[in-house]
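First comes the structure, then the notes that go with it.
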Amino acid sequence: MTFLRFQDPYFLALLLLLPLFIWSRRRSKKIAFSFPSLQTMKTADGATHSFIEFIPDGLKILTAILLILVLARPQEGKKMTEILSRGVDIVLAIDVSGSMRALDFSSEEQRITRLDVVKDVVSQFIDQRDYDRMGMVVFGAEAYTQCPLTLDHSVLRQFLDQLEIGMAGDATAIGSAIAISAKRLKDLESKSKVVILLTDGLSNAGAFTPLQAAELAAAHNIKVYSIGVGTRGQAPFLVDTFLGPQYVYQDVEIDEESLKQVSALTGGKYFRATDPQSLTEIYEQIDRLEKSEVKTFDHSEYKELYPYFLIPALLLMILDLTLSQTLLRRIP
(Lines give C-alpha, C1' and ligand atoms only; values in the text may rest on other atoms or scores of the structure.)
Protein backbone atom coordinates (compact mmCIF):
# COMPACT_ATOMS: atom_id res chain seq x y z
CA MET A 1 0.00 0.00 0.00
CA THR A 2 1.38 3.40 -1.03
CA PHE A 3 0.54 6.63 0.79
CA LEU A 4 1.80 10.21 1.25
CA ARG A 5 2.62 11.87 4.55
CA PHE A 6 4.50 14.85 6.05
CA GLN A 7 7.23 13.99 8.54
CA ASP A 8 7.01 17.45 10.19
CA PRO A 9 3.47 18.62 9.39
CA TYR A 10 3.49 21.44 11.97
CA PHE A 11 5.52 23.56 9.51
CA LEU A 12 2.41 23.69 7.33
CA ALA A 13 1.00 26.19 9.83
CA LEU A 14 3.33 28.75 8.24
CA LEU A 15 1.02 28.77 5.23
CA LEU A 16 -1.42 30.75 7.38
CA LEU A 17 1.06 33.67 7.38
CA LEU A 18 0.94 34.08 3.59
CA PRO A 19 -2.36 36.02 3.52
CA LEU A 20 -0.81 38.41 6.06
CA PHE A 21 2.23 38.84 3.78
CA ILE A 22 0.00 39.60 0.79
CA TRP A 23 -2.03 42.12 2.79
CA SER A 24 1.08 43.89 4.09
CA ARG A 25 2.59 44.08 0.59
CA ARG A 26 -0.59 45.63 -0.77
CA ARG A 27 -0.56 48.20 2.02
CA SER A 28 3.05 49.17 1.58
CA LYS A 29 3.01 49.22 -2.24
CA LYS A 30 4.73 52.40 -3.61
CA ILE A 31 4.36 53.88 -7.03
CA ALA A 32 7.21 52.72 -9.25
CA PHE A 33 8.06 52.27 -12.87
CA SER A 34 9.30 49.15 -14.54
CA PHE A 35 12.77 49.44 -16.04
CA PRO A 36 14.22 49.82 -18.66
CA SER A 37 11.82 52.06 -20.59
CA LEU A 38 8.82 54.29 -19.88
CA GLN A 39 7.66 53.62 -23.42
CA THR A 40 6.33 50.28 -22.21
CA MET A 41 4.02 52.03 -19.76
CA LYS A 42 2.68 54.27 -22.50
CA THR A 43 1.74 51.37 -24.76
CA ALA A 44 0.53 48.91 -22.09
CA ASP A 45 -3.04 48.86 -20.91
CA GLY A 46 -4.05 48.77 -17.24
CA ALA A 47 -4.63 45.01 -17.11
CA THR A 48 -1.14 44.22 -18.43
CA HIS A 49 0.43 46.67 -16.01
CA SER A 50 -1.45 45.09 -13.11
CA PHE A 51 -0.30 41.61 -14.14
CA ILE A 52 3.34 42.64 -14.45
CA GLU A 53 3.15 44.38 -11.11
CA PHE A 54 2.02 41.14 -9.45
CA ILE A 55 4.83 38.96 -10.86
CA PRO A 56 7.48 39.71 -8.15
CA ASP A 57 5.06 39.08 -5.28
CA GLY A 58 3.67 36.01 -7.04
CA LEU A 59 7.15 34.52 -7.37
CA LYS A 60 7.87 35.21 -3.70
CA ILE A 61 4.59 33.58 -2.61
CA LEU A 62 5.18 30.46 -4.72
CA THR A 63 8.74 30.23 -3.40
CA ALA A 64 7.50 30.53 0.19
CA ILE A 65 4.89 27.79 -0.35
CA LEU A 66 7.48 25.43 -1.80
CA LEU A 67 9.97 26.13 1.01
CA ILE A 68 7.28 25.52 3.64
CA LEU A 69 6.51 22.16 1.98
CA VAL A 70 10.24 21.37 2.06
CA LEU A 71 10.33 22.08 5.81
CA ALA A 72 7.31 19.80 6.33
CA ARG A 73 9.27 16.97 4.62
CA PRO A 74 6.76 15.25 2.32
CA GLN A 75 7.35 11.51 2.05
CA GLU A 76 6.01 8.68 -0.06
CA GLY A 77 5.47 5.64 2.10
CA LYS A 78 5.02 1.99 1.25
CA LYS A 79 3.40 -0.18 3.89
CA MET A 80 3.70 -3.95 3.71
CA THR A 81 1.87 -6.26 6.08
CA GLU A 82 3.23 -9.72 6.77
CA ILE A 83 0.67 -12.17 8.11
CA LEU A 84 1.71 -15.18 10.15
CA SER A 85 -1.34 -17.33 10.65
CA ARG A 86 -2.16 -20.71 12.09
CA GLY A 87 -5.45 -20.92 10.28
CA VAL A 88 -8.39 -23.27 10.34
CA ASP A 89 -9.26 -25.29 7.24
CA ILE A 90 -13.02 -25.45 6.87
CA VAL A 91 -15.28 -27.36 4.49
CA LEU A 92 -18.89 -26.20 4.33
CA ALA A 93 -21.05 -29.24 3.55
CA ILE A 94 -24.49 -27.95 2.49
CA ASP A 95 -27.63 -29.97 1.84
CA VAL A 96 -29.31 -28.99 -1.48
CA SER A 97 -31.82 -31.85 -1.56
CA GLY A 98 -35.50 -31.35 -2.41
CA SER A 99 -36.53 -30.87 1.21
CA MET A 100 -34.61 -27.57 1.27
CA ARG A 101 -37.59 -26.13 -0.65
CA ALA A 102 -39.53 -26.00 2.61
CA LEU A 103 -40.91 -22.53 3.35
CA ASP A 104 -40.90 -22.70 7.14
CA PHE A 105 -38.46 -19.78 7.44
CA SER A 106 -39.33 -16.17 6.75
CA SER A 107 -37.49 -12.90 6.10
CA GLU A 108 -39.18 -9.52 6.40
CA GLU A 109 -42.53 -11.29 6.75
CA GLN A 110 -42.05 -13.19 3.48
CA ARG A 111 -41.66 -16.94 3.32
CA ILE A 112 -38.37 -18.05 1.79
CA THR A 113 -36.82 -21.46 1.27
CA ARG A 114 -34.46 -22.98 3.77
CA LEU A 115 -31.65 -22.82 1.22
CA ASP A 116 -32.10 -19.05 0.75
CA VAL A 117 -31.70 -18.52 4.49
CA VAL A 118 -28.68 -20.83 4.62
CA LYS A 119 -26.95 -19.00 1.76
CA ASP A 120 -27.38 -15.66 3.52
CA VAL A 121 -26.11 -16.91 6.90
CA VAL A 122 -23.18 -18.86 5.42
CA SER A 123 -22.12 -15.78 3.43
CA GLN A 124 -21.90 -13.80 6.67
CA PHE A 125 -19.86 -16.61 8.24
CA ILE A 126 -17.41 -16.56 5.31
CA ASP A 127 -16.92 -12.81 5.76
CA GLN A 128 -15.75 -13.37 9.34
CA ARG A 129 -12.97 -15.85 8.44
CA ASP A 130 -10.44 -13.70 6.57
CA TYR A 131 -7.40 -15.89 7.19
CA ASP A 132 -8.89 -19.39 6.83
CA ARG A 133 -8.96 -21.65 3.82
CA MET A 134 -12.52 -22.63 3.10
CA GLY A 135 -14.16 -24.94 0.59
CA MET A 136 -17.64 -26.22 -0.15
CA VAL A 137 -19.24 -29.63 -0.66
CA VAL A 138 -22.87 -29.92 -1.76
CA PHE A 139 -24.98 -33.01 -1.42
CA GLY A 140 -28.33 -34.49 -2.25
CA ALA A 141 -28.57 -38.00 -3.69
CA GLU A 142 -24.86 -37.51 -4.50
CA ALA A 143 -22.10 -35.46 -2.91
CA TYR A 144 -19.37 -33.55 -4.71
CA THR A 145 -16.95 -30.66 -4.23
CA GLN A 146 -18.52 -27.39 -5.32
CA CYS A 147 -15.45 -25.29 -4.44
CA PRO A 148 -11.97 -26.53 -3.41
CA LEU A 149 -10.32 -25.06 -0.35
CA THR A 150 -9.25 -21.49 -1.06
CA LEU A 151 -8.27 -18.22 0.60
CA ASP A 152 -10.09 -16.33 -2.14
CA HIS A 153 -13.41 -15.99 -0.38
CA SER A 154 -14.91 -13.94 -3.21
CA VAL A 155 -14.73 -17.07 -5.37
CA LEU A 156 -16.28 -19.14 -2.60
CA ARG A 157 -19.18 -16.69 -2.31
CA GLN A 158 -19.76 -16.91 -6.06
CA PHE A 159 -20.12 -20.69 -5.79
CA LEU A 160 -22.43 -20.20 -2.80
CA ASP A 161 -24.66 -17.87 -4.82
CA GLN A 162 -24.94 -20.51 -7.55
CA LEU A 163 -26.41 -23.19 -5.26
CA GLU A 164 -29.80 -24.47 -6.36
CA ILE A 165 -32.18 -26.92 -4.78
CA GLY A 166 -31.97 -30.34 -6.42
CA MET A 167 -28.66 -29.71 -8.19
CA ALA A 168 -27.26 -32.89 -6.57
CA GLY A 169 -30.51 -34.86 -6.54
CA ASP A 170 -33.50 -34.96 -4.20
CA ALA A 171 -32.33 -37.62 -1.73
CA THR A 172 -29.90 -37.00 1.18
CA ALA A 173 -26.45 -38.61 1.26
CA ILE A 174 -25.10 -37.32 4.57
CA GLY A 175 -22.42 -40.01 4.87
CA SER A 176 -21.06 -39.27 1.39
CA ALA A 177 -20.95 -35.54 2.19
CA ILE A 178 -18.84 -36.17 5.30
CA ALA A 179 -16.56 -38.58 3.44
CA ILE A 180 -15.94 -36.17 0.53
CA SER A 181 -15.29 -33.32 3.01
CA ALA A 182 -12.85 -35.46 5.00
CA LYS A 183 -11.02 -36.42 1.80
CA ARG A 184 -10.47 -32.73 1.08
CA LEU A 185 -9.02 -32.11 4.55
CA LYS A 186 -7.19 -35.28 5.59
CA ASP A 187 -3.74 -34.53 4.11
CA LEU A 188 -3.56 -30.86 5.08
CA GLU A 189 -1.34 -29.49 7.83
CA SER A 190 -3.22 -26.86 9.78
CA LYS A 191 -4.11 -25.85 13.30
CA SER A 192 -7.56 -27.33 12.97
CA LYS A 193 -9.58 -29.17 10.31
CA VAL A 194 -13.33 -28.69 10.43
CA VAL A 195 -16.43 -29.79 8.54
CA ILE A 196 -19.60 -27.76 9.09
CA LEU A 197 -22.39 -30.07 7.95
CA LEU A 198 -25.84 -28.58 7.40
CA THR A 199 -28.82 -30.78 6.59
CA ASP A 200 -32.59 -30.90 7.03
CA GLY A 201 -33.30 -34.59 6.46
CA LEU A 202 -32.52 -38.24 7.01
CA SER A 203 -29.57 -39.94 5.35
CA ASN A 204 -31.17 -42.16 2.71
CA ALA A 205 -28.55 -42.35 -0.05
CA GLY A 206 -24.82 -42.71 -0.61
CA ALA A 207 -22.16 -45.39 -0.16
CA PHE A 208 -21.36 -44.45 3.46
CA THR A 209 -23.50 -44.20 6.56
CA PRO A 210 -22.98 -41.02 8.60
CA LEU A 211 -21.19 -42.95 11.35
CA GLN A 212 -18.85 -44.72 8.91
CA ALA A 213 -17.87 -41.38 7.43
CA ALA A 214 -17.48 -39.89 10.92
CA GLU A 215 -15.00 -42.63 11.84
CA LEU A 216 -12.99 -41.73 8.74
CA ALA A 217 -13.00 -38.07 9.74
CA ALA A 218 -12.02 -38.82 13.33
CA ALA A 219 -9.07 -40.91 12.14
CA HIS A 220 -7.64 -37.77 10.50
CA ASN A 221 -8.43 -35.42 13.43
CA ILE A 222 -11.26 -33.73 11.54
CA LYS A 223 -14.06 -32.26 13.64
CA VAL A 224 -17.61 -32.29 12.32
CA TYR A 225 -20.05 -29.63 13.52
CA SER A 226 -23.53 -30.76 12.55
CA ILE A 227 -26.50 -28.44 12.07
CA GLY A 228 -30.04 -29.69 11.71
CA VAL A 229 -32.10 -26.98 10.05
CA GLY A 230 -35.90 -26.65 9.95
CA THR A 231 -38.92 -26.32 12.21
CA ARG A 232 -40.15 -29.30 14.16
CA GLY A 233 -43.17 -31.12 12.79
CA GLN A 234 -44.69 -30.30 9.44
CA ALA A 235 -43.25 -27.73 7.05
CA PRO A 236 -45.04 -25.90 4.19
CA PHE A 237 -44.10 -26.54 0.55
CA LEU A 238 -45.40 -24.59 -2.44
CA VAL A 239 -46.69 -27.02 -5.07
CA ASP A 240 -48.54 -26.57 -8.36
CA THR A 241 -52.07 -27.99 -8.42
CA PHE A 242 -54.95 -27.74 -10.87
CA LEU A 243 -56.17 -24.86 -8.67
CA GLY A 244 -52.83 -23.08 -8.98
CA PRO A 245 -49.92 -22.86 -6.53
CA GLN A 246 -50.94 -24.16 -3.10
CA TYR A 247 -49.19 -24.64 0.24
CA VAL A 248 -48.96 -28.30 1.25
CA TYR A 249 -47.72 -29.31 4.69
CA GLN A 250 -45.43 -32.33 4.90
CA ASP A 251 -43.45 -34.04 7.63
CA VAL A 252 -39.70 -33.40 7.34
CA GLU A 253 -37.66 -35.46 9.76
CA ILE A 254 -34.06 -34.92 10.83
CA ASP A 255 -32.03 -37.81 12.20
CA GLU A 256 -30.79 -35.81 15.15
CA GLU A 257 -29.48 -38.84 16.98
CA SER A 258 -27.12 -39.78 14.14
CA LEU A 259 -25.93 -36.18 13.77
CA LYS A 260 -25.22 -35.99 17.50
CA GLN A 261 -23.21 -39.22 17.30
CA VAL A 262 -21.25 -37.95 14.30
CA SER A 263 -20.28 -34.74 16.10
CA ALA A 264 -19.47 -36.49 19.37
CA LEU A 265 -17.28 -39.07 17.60
CA THR A 266 -15.21 -36.36 15.89
CA GLY A 267 -14.97 -33.90 18.79
CA GLY A 268 -17.46 -31.48 17.26
CA LYS A 269 -20.92 -30.42 18.37
CA TYR A 270 -24.52 -30.74 17.18
CA PHE A 271 -26.90 -27.75 16.82
CA ARG A 272 -30.53 -27.37 15.85
CA ALA A 273 -31.72 -24.28 13.98
CA THR A 274 -35.47 -23.72 13.84
CA ASP A 275 -35.41 -20.14 12.50
CA PRO A 276 -33.00 -17.75 10.74
CA GLN A 277 -31.91 -16.10 14.00
CA SER A 278 -30.92 -19.37 15.65
CA LEU A 279 -29.05 -20.43 12.51
CA THR A 280 -27.06 -17.17 12.59
CA GLU A 281 -26.26 -17.68 16.27
CA ILE A 282 -25.05 -21.23 15.57
CA TYR A 283 -22.55 -20.10 12.95
CA GLU A 284 -21.41 -17.31 15.29
CA GLN A 285 -20.85 -19.89 18.03
CA ILE A 286 -18.84 -22.11 15.69
CA ASP A 287 -16.85 -19.04 14.68
CA ARG A 288 -15.94 -18.47 18.33
CA LEU A 289 -15.07 -22.15 18.89
CA GLU A 290 -12.70 -22.32 15.92
CA LYS A 291 -10.54 -19.19 16.01
CA SER A 292 -7.37 -18.73 14.00
CA GLU A 293 -4.13 -17.49 15.53
CA VAL A 294 -3.12 -14.50 13.45
CA LYS A 295 -0.09 -12.26 13.91
CA THR A 296 0.62 -9.31 11.64
CA PHE A 297 3.86 -7.38 11.18
CA ASP A 298 3.89 -4.01 9.42
CA HIS A 299 6.95 -2.88 7.46
CA SER A 300 7.05 0.69 6.21
CA GLU A 301 9.56 2.33 3.85
CA TYR A 302 9.67 6.07 3.12
CA LYS A 303 11.06 8.04 0.21
CA GLU A 304 11.88 11.73 0.77
CA LEU A 305 10.03 13.98 -1.69
CA TYR A 306 11.34 17.39 -0.54
CA PRO A 307 13.90 17.66 -3.42
CA TYR A 308 10.94 17.87 -5.81
CA PHE A 309 9.89 21.06 -3.98
CA LEU A 310 13.33 22.45 -3.08
CA ILE A 311 14.70 22.58 -6.63
CA PRO A 312 11.69 24.52 -8.06
CA ALA A 313 11.87 26.87 -5.04
CA LEU A 314 15.54 27.65 -5.77
CA LEU A 315 14.78 28.20 -9.46
CA LEU A 316 11.94 30.58 -8.57
CA MET A 317 14.26 32.48 -6.23
CA ILE A 318 16.85 32.87 -9.01
CA LEU A 319 14.12 33.95 -11.45
CA ASP A 320 12.80 36.51 -8.96
CA LEU A 321 16.29 37.96 -8.40
CA THR A 322 17.00 38.08 -12.13
CA LEU A 323 13.74 39.81 -13.04
CA SER A 324 14.05 42.28 -10.17
CA GLN A 325 17.44 43.39 -11.54
CA THR A 326 16.45 43.45 -15.21
CA LEU A 327 12.99 43.62 -16.76
CA LEU A 328 11.11 44.30 -13.52
CA ARG A 329 13.65 46.52 -11.88
CA ARG A 330 12.02 49.26 -9.85
CA ILE A 331 13.18 52.88 -9.77
CA PRO A 332 13.32 54.18 -6.17
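Remember, predicted model here, so these are calculated numbers, not experimental data.
Residue S263 comes nearest to V224 through the heavy atom pair OG-O, 3.1 Å, listed as atom of the first residue, atom of the second, then distance. Taking both residues in full, the closest heavy atoms of P9 and F6 are given as CD-O, 3.3 Å, listed atom of the first, atom of the second, then distance. D200 and S99 make their closest contact through OD1-OG, 2.7 Å (heavy atoms, listed as atom of the first residue, atom of the second, distance). Looking at every heavy atom in both residues, N204 comes nearest to A171 through OD1-CB, 3.5 Å. For the residue pair F105 and T274, the shortest heavy atom distance occurs at CE2-O, 3.1 Å. Between V229 and M100 the shortest heavy-atom distance is CG1-SD, 4.4 Å.
Taking the side chain as every heavy atom from C-beta outward, E290 and Y225 approach each other to under 4.5 Å. By the 4.5 Å heavy-atom criterion applied to side chains, L160 and I126 are counted as neighbours. Taking the side chain as every heavy atom from C-beta outward, Q285 and F271 approach each other to under 4.5 Å. The shortest side-chain heavy-atom distance between K119 and I94 does not fall under the 4.5 Å cut-off. Within the 4.5 Å cutoff, side-chain heavy atoms of I178 are placed close to those of V262. Here the side chains of L149 and I90 are not in contact, with every heavy-atom distance at 4.5 Å or above. Counting only heavy atoms from C-beta outward, the side chains of L69 and F11 never approach each other to under 4.5 Å. Using a 4.5 Å heavy-atom threshold, the side chains of K60 and D320 count as touching.
To the nearest 0.5 Å, atom CZ of residue R157 and atom CE of residue M134 are 10.0 Å apart. The CG atom of D255 sits 9.0 Å away from atom CD of E253, with the distance rounded to the nearest 0.5 Å. Interatomic distance, L315 CG to L319 CG, rounded to the nearest 0.5 Å: 8.5 Å. Note: R73 CZ to Y306 OH = 7.5 Å, rounded to the nearest 0.5 Å. Between Y308 atom OH and E76 atom CD the span is 8.5 Å, to the nearest 0.5 Å. Within the model, atoms OG of S258 and CG of L265 stand 12.0 Å from one another, a figure rounded to the nearest 0.5 Å.
Checked by atom type, the side-chain pair R133/T150 shows no donor-acceptor distance below 3.5 Å. Remark: the Y270 side chain and the E256 side chain contain an N/O donor-acceptor pair separated by less than 3.5 Å. D170 and S97 share no side-chain donor-acceptor pair at under 3.5 Å. Side-chain contact, D120 with S123: no donor N or O sits under 3.5 Å from an acceptor N or O. A donor-acceptor contact under 3.5 angstrom links the side chains of Q277 and E281, judged on distance only.
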Given V195 and K223, is the side chain to side chain contact (heavy atoms under 4.5 Å, CB included) satisfied, shown in steps? CA-CA 6 Å; V195 177; K223 287 186 280 189; over 6 Å; no
List the steps and the verdict of side chain to side chain contact (heavy atoms under 4.5 Å, CB included) for T199 and L259. CA-CA 9 Å; T199 183; L259 294 178; 3.8 Å; yes
Under the side chain to side chain contact (heavy atoms under 4.5 Å, CB included) rule, what do D287 and R129 come out as? Steps first, then yes or no, please. CA-CA 8 Å; D287 179 57; R129 313 289 303 196; 2.7 Å; yes
Given the rule in the side chain to side chain contact (heavy atoms under 4.5 Å, CB included) test, do L211 and Q261 qualify, once you have shown the distances and angles that lead to the verdict? CA-CA 7 Å; L211 289 180; Q261 292 177 11; 3.2 Å; yes
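The main-chain N or O of P148 is never found under 3.5 Å from a side-chain atom of T145 such that the two would form a donor-acceptor pair. In this structure a side-chain-to-backbone donor-acceptor pair under 3.5 Å is present from Q212 to T209. At distances below 3.5 Å, not a single donor-acceptor pair connects side-chain atoms of D132 with backbone N or O atoms of D89.
Note on M317: it does not cluster hydrophobically with I311, by side-chain heavy-atom contacts below 4.5 Å among ILVMFWY residues. Under a hydrophobic clustering in which Ile, Leu, Val, Met, Phe, Trp and Tyr are joined whenever their side-chain heavy atoms come within less than 4.5 Å, directly or via other members, F159 and V121 fall into different clusters. A single hydrophobic cluster is seen to contain both F309 and Y10, as judged by linkage of ILVMFWY side chains at heavy-atom distances under 4.5 Å, directly or through other members. Linking ILVMFWY residues whenever their side-chain heavy atoms come closer than 4.5 Å, directly or via other members, leaves V155 and V122 in distinct clusters. V118 and M167 fall within the same hydrophobic cluster, defined by Ile, Leu, Val, Met, Phe, Trp and Tyr side-chain heavy atoms under 4.5 Å apart, directly or through other members.
When the shell of 6.0 Å around CD of Q75 is examined, it contains more than 12 heavy atoms from other residues, nucleotides or ligands. Within 6.0 Å of OH on Y144 lie more than 12 heavy atoms contributed by other residues, nucleotides or ligands.
The residue from I174, I180, L198, V96 that alone fulfils the side chain to side chain contact (heavy atoms under 4.5 Å, CB included) condition with F139 is I174.
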